[in-house]
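These notes are about the structure you will find just below.
Predicted, not measured: the structure shown is a model, and the values here were computed from it.
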Amino acid sequence: SQTIHQWPATLVQPVGSPLSLECTVEGTSNPNLYWYRQAAGRGLQLLFYSVGIGQISSEVPQNLSASRPQDRQFILSSKKLLLSDSGFYLCAWSRGGSRETQYFGPGTRLLVL
Amino acid sequence: GENVEQHPSTLSVQEGDSAVIKCTYSDSASNYFPWYKQELGKGPQLIIDIRSNVGEKKDQRIAVTLNKTAKHFSLHITETQPEDSAVYFCAAGLMDSSYKLIFGSGTRLLVRP
C-alpha cells in the first residue's frame, strides 16, 4: 500500500529565516506530487505540482519554491519567511498518468513569528 | 477561473439524523468532484468522488449527487455518528487537462450524541 510522509509535523520560525519542508511517498512509482496551503478555517490552495523529477509547475507566485530531487520526494522551500507564510502545508500525491484521486499527507503546521 | 462555493459553513445535527452539504461550481467544463473529510490537525482524507458522467454515487452511509445543469453537487451522510464530526471539503476540477482541484471553504459538521 502507499503511504505519504511529511516532516516536520510542526515548525515555528522567525520572520526572514529559511524554510524546508519535506514530503516523501512510498509504495508507488512516478507519482504526481502536490503542495497545498491551508489557512486557518479556509479551504486548500494549490501551490505547486510536479509530474516528474525536476518538473515543477507553480500555481501561485509567491515567496515559496518547490523542488523534486527524487521520484518520490517533494520539497517546499523559502529563502526568507514572511508572517503571511504561516499556515498548514499539505503534500499530496496521485498516480502517475492520473490527475484525479489525490491523497494527502498528515501536514506541517508552520507558524512564522 | 473555476470557483467553488460550499454551504453551510457549520452544521450541527443529532446523532442518527442526516446531514447534507452543498457545493456549486462555476466552470461547466469541470468533470471531477471529490469530497474530503478532515479531522483536527490531520490531512484531508478522500471519502467519495464522482465524475461528470454519473449523477449519483453511494458508499454505505455516504452518497454524492451531481446536477451538471445547475452546476451543483451535494454530500449526503445518513445515520450520522459522533465520529462523523469533522470538516468536510468539496472540490472540482477539469481533470482532462489540468492538475488543479479547486476546493470549497469547508463545512464543520458536529454530530451531537
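Considering every non-hydrogen atom in both A/Leu81 and A/Gln13, the closest pair reads CD1-CB, 3.5 Å.
Residue contact with chain B, scored on non-hydrogen atoms closer than 4.5 Å, involves the side chain of A/Gln38 exclusively. Both the backbone and the side chain of B/Lys100 come within contact range of chain A, with heavy atoms under 4.5 Å apart. Contact of B/Gln45 with chain A is made through the side chain alone, with heavy-atom distances under 4.5 Å. The parts of A/Leu44 that come within reach of chain B are both its backbone and its side chain, each placing non-hydrogen atoms under 4.5 angstrom from that chain. The part of B/Arg51 that comes within reach of chain A is its side chain, from C-beta onward, which places non-hydrogen atoms under 4.5 angstrom from that chain.
Proximity of A/Leu21 to A/Pro8: side-chain heavy atoms (C-beta onward) are separated by under 4.5 Å at one or more points.
There is a side-chain donor-acceptor pair under 3.5 Å between B/Ser12 and B/Arg112.
Atom CG of B/Asp84 and atom CD1 of B/Ile62 lie 7.0 Å apart (nearest 0.5 Å).
Counting heavy-atom pairs closer than 4.5 Å to chain A, the top-ranked of the candidates B/Pro44, B/Ser9, B/Ser105 is B/Pro44.
When the options B/Leu40, B/Leu109, B/Val111 are evaluated for a side-chain contact (heavy atoms from CB on, under 4.5 Å) with B/Ser85, the one that passes is B/Val111.
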